[in-house]
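All remarks here apply to the structure that follows.
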Amino acid sequence: MQYDHILVRYGELTLKSGNRNTFINQLKSNIKYALIPLTGYKVNANRDRMYVEITEDADVEEIMKRISKVFGVHSVSPVVKVEKNIDQIKSSAVKLARDIDAPGVTFKVDAKRSDKGFPYDTFALQQELGGEILSNIEHLTVDVKNPDYKLLVEIRSDAAYLYSRVIKGAGGLPVGTGGKTLLMLSGGIDSPVAGIEVMKRGVTIEAIHFHSPPFTSEEAKQKVIDLTRIMAETTGEIKLHLVPFTDIQKMIHKKVPENLTMTSTRRMMLKIADKFARQIDAKALVNGENLGQVASQTLGSIYAINAVTNLPILRPLLTLDKDEIIIKAKEIGTFDTSIQPFEDCCTIFTPKNPKTNPRLDKVESFEAGTDFDAMIEEAVANIETLTISKHTDTKQEFDELL
Ligand code: ATP
Ligand code: MG
């Protein structure tokens, strides 16, 4: 069957009646971005759904796959659009049925009619089309309770639409409709997943990464660029801010007892993130923390670390198990990059016995003797910013060019 449109159903957009146009326009532009560089389509957005017109040579499956991954999309269907004329509808229904025709296969016609002026009501239309299919197709039989396939027919104001497949979309809200956050992005498994989770709720992210050259390598930096590129694939370009963290880490190790260095390191990262978030007008920080996963993520540690900021910190992975996070990382495609074995600034300086229940007053007093604020200011002033999109070369592609 040659489809001529892809029907895109909106997700929770219906709840946001006041901002509906903003939501739809954002979704449309996100879908267009996701479809680059494919050809053979035109995106038309209506108030209650979207129709993507496709030409004969378009790769329908690839277009549908990409659209279904865009946040804000509830589901997609390849559809045939015909005039509201019973003969044309019948002939399209038969063509659609031919695609599923095989011995033993059952079907049912499901009709919906929003145009009440159409001369057939839903029951009569189902009867007509069911009969037409049975008399033209060799094997199919009807099963109204538990059919293998449903042939769906919608009689709308502009035309009739027929389809048999409904592909689940990513759900959520269109990225770009919910304000901005700053994601603390390490090279690990968790933080890219955390970023995608908040984007699913419509917010944009910029990413901040702390690195400590020469203790951390170029490969580790490239890994974070690659992770950002994967996150940008369905959501649009992402700014990645690289913070030089070497001097601060060295100073922490000079001034703070070893078992509290992890706590202090995280506090300094958070102070920098806080300062920078305000500069870029991000309304919250996001991290990949997970309750109890490691010493720095016990309740006691979170308490002592969180004390340096009063920005909201979103922790979408807080209560998940590691295997649940891994499943998500594989789904979004970041897992293989995350497990590349390049040292992060935290792993290099990891103390042997970090405190799992650090005392806030003690950490504060060890930090008090040093002018960390000046160092933080300097680090923020020296942030290197990259803009990453799905067109950014991966390391591998880049090497191939040389
Ligand atoms: P994983 O736990 O899979 O090794 P992770 O990214 O969760 O990776 P953790 O050591 O658990 O790493 O750190 C907890 C959180 O702190 C991270 O999810 C991330 O948000 C933040 N973080 C850690 N290291 C960095 C870094 N170098 N730059 C930016 N954020 C970081
Ligand atoms: Mg983690």
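Every number for a ligand or one of its atoms is a count from 1 in the order of the listing. Atom set for the values below is all heavy atoms of this structure, side chains included, hydrogens, waters and symmetry mates excluded.
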Between the side chains of T122 and R113, does any donor sit under 3.5 Å from an acceptor?
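The criterion, which ignores hydrogens and geometry beyond distance, is not satisfied for R113 and T122.
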Determine whether the side chains of S186 and S191 contain a donor N or O and an acceptor N or O closer than 3.5 Å.
yes
Min heavy-atom dist R266 to ligand 1 below 4.0 Å
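Within the 4.0 Å threshold, so yes.
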Does ligand 1 have any atom sitting under 4.0 Å from a heavy atom of H241?
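False for this residue.
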Please could you name the atoms of ligand 1 that [X] approaches to less than 4.0 Å, counting only its heavy atoms?
{"X": "N287", "result": "20 (O)"}
{"X": "K322", "result": "1 (P), 2 (O), 3 (O)"}
{"X": "M184", "result": "19 (C), 20 (O), 29 (C), 30 (N)"}

When you check the gap from the basic side-chain N to the acidic O, do [X] and [Y] get nearer than 4.0 Å?
{"X": "R266", "Y": "E289", "value": "no"}
{"X": "E197", "Y": "K328", "value": "yes"}
{"X": "D99", "Y": "R165", "value": "no"}

When you look for heavy atoms under 4.0 Å from ligand 1, do you find them on the side chain of [X], its backbone, both, or neither?
{"X": "I208", "value": "backbone"}
{"X": "Q297", "value": "side chain"}
{"X": "L185", "value": "backbone"}

Just to be sure I'm reading this right: ignoring hydrogens, which of D190, V193, L183 gets closest to atom 7 (O) of ligand 1? Compare them by their nearest heavy atoms.
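Nearest option to atom 7 (O) of ligand 1, by heavy atoms: D190.
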G288-ligand 1 polar pair, N/O distance under 3.5 Å:
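Between G288 and ligand 1 (N or O atoms, distance only) the closest approach is under 3.5 Å.
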Would you say ligand 1 has an N or O under 3.5 Å from any N or O of I189?
yes
Residues, nucleotides or ligands: over 12 heavy atoms within 6.0 Å of E83 CD
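Atom CD in E83 is not crowded, with 12 or fewer foreign heavy atoms closer than 6.0 Å.
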Taking atom CD as the centre, does Q279 end up with more than 12 heavy-atom neighbours from other residues, nucleotides or ligands that are less than 6.0 angstrom away?
yes
Can you find a heavy atom in the side chain of F71 that is under 4.5 Å from one in the side chain of L173?
no
